[in-house]
Amino acid sequence: MTEQFDGLVDMSDLNRRPPDQLRQLFLSRALAALAVHEVTGLDRKESAACVIDGFDDEGIDAVAVNPEAPQVWIIQAKWSGKGEATFDNNAVRALSKGLKRLIRGEYERFNKKLQSMVPDLESALTSAHVQISIVPALAGDQGMPPGVRRELEELQSEYNDPEDMLRVEPLFLKDFMGAIRAGLDDPKVDLKARMPDFRFHADPYLAYYGTLAADQVADWYKKNRNRLFKRNIRYPLGLTKINSELVDSVIRNPENFWYFHNGITVLCDSLRVGPRGDLELSGASVVNGAQTVASLYAAAERNAESVAKARISVRIISLEDTPRKFDRQVTISTNTQHGVVERDFRALEPAQERLRVEFGVVLNKIYILKRGEKLLQPADGCDMEEAALALAAANPDVKMSFLAKSEMSQLWKDGTYNRLFGSRDARKIWRAVCLVREVRAALRSIQRDLEGRAALFADQGGYLVSHLVFQQLRAWDSCPEEKWDELLTQVSMAVETAIRWSMHAIDNLYGGNSMVSGVFRTAQRYESVVESAITGALSGSQPPELSPDYKAEVRERRARQTNAVTVIVDAGAIKETTRLEFRPIVAPERKALGEWLREDPRRGAATWVEQKPKALLWEYDGKLYSPSALVMEMFRAANKPGPKAIQGTRRWFVPGEGSLVEIADKIRDAAAE
């Protein structure tokens, strides 16, 4: 691994360690990077950038994200030069703690190595369909003790109610040896298969086609993982909704799998075929059907017997006598699809054309039907998709707003589509759109005052909150035109009421540590929260107060009362020239400053100076600031509107010791004892 990751894995935080210790730590981090490469298919440099091992890693050695899928991999590596590494219960607990912090959005608890991943993490973890994989990466083949397996199963059960969101995918020494032998940059994959019904196409280039038992294809993935897709334009996207349906299809009805799926295309450098259909492929790569292959493997893990009964069409093309770049041409051609979805067909219906005309004549607004067309300004009108989402939130049936959040494609199905658009005129549709926009604006404003799980809910729950607001403002579609603007002024209060009742419902139904995005994974959970929140909102009772942990104002006030700089300087608790890291706490801060901070590492760094109150020397401009004044200066320098007041002592961290507030609290606690 030295050859593969030397110079790529960041070791700058360990410069003062003895050489022998440094060597062991490098190998551990290199193992984590190799694990990232194995499960994601990222190249060596990208894999090494995913390693966060060090101070404030919260028990996690590497994190990788595919926001498109969405999928998150959490890796903890155990190195042993003797090949005897194993996992223990302490490792599981440390990893579990880090996982909880990620799910709660407590990114500030992690070191600067994670901070660049936060936008992608936030995108993935706020998705109702996120798949999280825990990857114990062990330089050993002893497996894991029964007690550790039980703890991992308990961790899975904690997050897999009601769906299979969290998976455990251990990697052992044999997996890493296979990856290194195949080569990390240009892996050599050799495959075997039996295709008794094979046929061949000889002119102008040799190809074989036929069917394989699906368990053979699943086994290809088990042995080779993402090395199998090196020539493909993308790696598997994880268990997306389509892929999940494929898994369910092969398990429920394996005999019909061949009829319902297109099959896969494999390229190989050379091919040998025996008289009975025994195939040997050298230098093979699946260039079309990566999602199908990975899904068959996932299905085999659940029900190997069903997968063995299924068959799949396979086309194998030998590259031995093909012209240069022929492999690339095949890959691009077999993956180029012009996706026509059900929404596109709805745009052709007379009813939608009627609405387009009505928007123009009655409202002087634009109603866009086809994908790709854009409005110059939102106030000019809306498109058909925004209209459908707004009508779903407005519908009295809570299932509609669930579909808007979690399964939008279902809105265009016959029954659902007719319920949304059946009797709607342009004015009511436009009102629904305007009201949802008003809700989103109110959520953005309120979110600045929220932290923790409530902030995550405000970010993810736009359609749920919109549905609750429609239920509170029931006169929205019958309100006289002259009173419409007055009705919109009630939205902000209705949104706050909706958030407070919703968080009360989530905490009561699923616990104060539950994953907020779990509410949006199944209709059952979603409906339970909405039903409880609507009952409360319409009861006339005062909405329950949010937990102090959800209120930014409360936590800021606590930090202000700490007088952290004074306490720390008086105690001499931080050495002069100690380097500090800036870490945003809430989503609006991350959105405002994230990209600006990534452009220049000096912007998020300062050194400690033992003086009050200007104890931070900002590396970016070489000037002294108090922690809070420096944060306000950062907003100004980034040309972003900042808050009226902010407690910088919560946002400046000494790696391995905590924020300035936490350090001051420890000093006080020690003095009290």
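- Residues Val168 and Glu153 form no side-chain contact, since every pair of their non-hydrogen atoms from C-beta on lies 4.5 Å or further apart.
- Here the side chains of Arg302 and Ile251 are in contact, with some heavy-atom distance below 4.5 Å.
- Within a 6.0 Å radius of CD in Glu255, other residues, nucleotides and ligands contribute more than 12 heavy atoms.
- Judged by distance alone, with hydrogens and angles left aside, the side-chain atoms of Asp61 form no donor-acceptor pair with the main-chain N or O of Asp53 at under 3.5 Å.
- Checking side-chain atoms of Asp120 against main-chain N and O of Met117 turns up no donor-acceptor pair under 3.5 Å.
- Taking CD1 of Ile52 as the reference point, atom OG of Ser116 lies at 10.0 Å (rounded to 0.5 Å).
- Crowding of Glu531 atom CD: a count of heavy atoms from other residues, nucleotides or ligands under 6.0 Å not exceeding 12.
- Judged by distance alone, the side chain of Ser547 and the main-chain N or O of Asp549 form a donor-acceptor pair under 3.5 Å.
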Problem set entry | Chi angles and distances behind the side-chain contact (heavy atoms from CB on, under 4.5 Å) call for His37, Gln4 | CA-CA 11 Å; His37 171 81; Gln4 286 84 3; over 6 Å; no
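- Shown here is Glu595, whose CD atom has no more than 12 heavy atoms of other residues, nucleotides or ligands within 6.0 Å.
- A distance of 9.0 Å separates NE2 in His504 from CG in Leu509, rounded to the nearest 0.5 Å.
- Remark: side-chain polar atoms of Thr416 are not paired, donor with acceptor, to backbone N or O of Trp412 under 3.5 angstrom.
- Proximity of a side-chain donor or acceptor of Arg651 to a complementary backbone N or O of Pro584 within less than 3.5 Å is not detected.
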For this session: Just do the side-chain contact (heavy atoms from CB on, under 4.5 Å) check on Leu468 and Ile534 with the steps written out, would you?
Result: CA-CA 6 Å; Leu468 293 175; Ile534 285 178; 3.1 Å; yes
Exercise. Given Ile132 and Met165, is the side-chain contact (heavy atoms from CB on, under 4.5 Å) satisfied, shown in steps?
Worked result: CA-CA 6 Å; Ile132 302 173; Met165 180 190 73; 4.1 Å; yes
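- Atom CZ of Arg150 sits in a sparse spot, with 12 or fewer heavy atoms from other residues, nucleotides or ligands closer than 6.0 Å.
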Exercise. How far apart are the C-alpha atoms of Leu171 and Phe176, what are their side-chain angles, what is the distance that settles it, and do they pass the side-chain contact (heavy atoms from CB on, under 4.5 Å) test?
Worked result: CA-CA 7 Å; Leu171 294 175; Phe176 297 120; 3.7 Å; yes
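- No option in Arg104, Glu158, Lys100 other than Arg104 meets the side-chain hydrogen bond (donor to acceptor under 3.5 Å, both in side chains) test with Asn513.
- Within the 4.5 Å cutoff, no side-chain heavy atoms of Val118 are placed close to those of Phe110.
- In summary, the side chains of Arg453 and Ser514 do present a donor paired with an acceptor at a separation below 3.5 Å, with no hydrogens or angles considered.
- Using a 4.5 Å heavy-atom threshold, the side chains of Leu114 and Ile60 count as separate.
- Of all non-hydrogen atoms in Trp79 and Ala85, the two that sit nearest each other are C-CB, 4.1 Å.
- A donor-acceptor pair under 3.5 Å links the side-chain atoms of Asn226 to the main chain of Val39, judged by distance alone.
- Using a cut-off of 4.0 Å between Lys/Arg side-chain N and Asp/Glu carboxylate O, Arg109 and Glu662 are scored as salt-bridged.
- Although no hydrogens or angles enter the test, the distance criterion places no donor-acceptor pair under 3.5 Å between the side chain of Asn224 and the main chain of Arg227.
- Residues Ser133 and Glu169 have side chains that bring a donor and an acceptor to within less than 3.5 angstrom of each other.
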Problem set entry | Intermediate values then yes/no, salt bridge (Lys or Arg N to Asp or Glu O under 4.0 Å), Lys591 and Glu122 | CA-CA 11 Å; Lys591 292 174 182 176; Glu122 189 78 345; over 6 Å; no
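- Closest approach of Ser249 to Phe257, counting heavy atoms only: OG-CD1, 4.3 Å.
- The two residues Met144 and Leu152 make their nearest non-hydrogen contact at SD-CD1, 3.8 Å.
- For Lys551, the NZ atom counts as densely surrounded, since its 6.0 Å shell holds more than 12 non-hydrogen atoms of other residues, nucleotides or ligands.
- The minimum heavy-atom distance between Ser517 and Met515, with the atom names listed, is OG-CE, 3.0 Å.
- Between the side chain of Ser80 and the backbone N or O of Ala139, no donor-acceptor pair lies under 3.5 Å.
- Contact record, Ile75 with Ala35: CG2-CB, 4.0 Å, taken as the closest heavy-atom pair.
- Under the 3.5 Å distance criterion, the side-chain polar atoms of Ser123 are left unmatched by any main-chain donor or acceptor of Pro119.
- Stacking of Arg521 on the aromatic ring of Tyr526 is not recorded, the 6.0 Å distance cut-off and the 45° axial limit not both being met.
- Side-chain contact between Gln460 and Val519 is absent, with no heavy-atom pair separated by less than 4.5 Å.
- In this structure, the side chains of Leu546 and Leu450 come closer than 4.5 Å at one or more pairs of heavy atoms.
- You'll find the side chain of Leu389 reaches within 4.5 Å of the side chain of Tyr463, heavy atoms only.
- Contact record, Arg583 with Asp56: NH2-OD2, 2.9 Å, taken as the closest heavy-atom pair.
- Few gaps surround OH on Tyr510; more than 12 heavy atoms of other groups in view lie less than 6.0 Å from it.
- For the atom pair NE2 of His261 and CD of Gln291, the computed distance is 13.0 Å after rounding to the nearest 0.5 Å.
- Rounded to the nearest 0.5 angstrom, Glu589 CD and Arg448 CZ are separated by 11.5 Å.
- Looking at heavy atoms from C-beta onward, Ile264 lies in side-chain contact with Trp220 at the 4.5 angstrom threshold.
- Taken from CD in Gln447 to CG in Leu456, the straight-line distance is 8.5 Å, to the nearest 0.5 Å.
- Note that NZ of Lys112 and CZ of Phe582 are 15.0 Å apart. Values are rounded to the nearest 0.5 Å.
- The main-chain N or O of Asn395 is found under 3.5 Å from a side-chain atom of His467 such that the two form a donor-acceptor pair.
- With 3.5 Å as the limit, one finds no donor-acceptor pair spanning the side chains of Ser401 and Lys405.
- Stacking of Arg590 on the aromatic ring of Tyr107 is not recorded, the 6.0 Å distance cut-off and the 45° axial limit not both being met.
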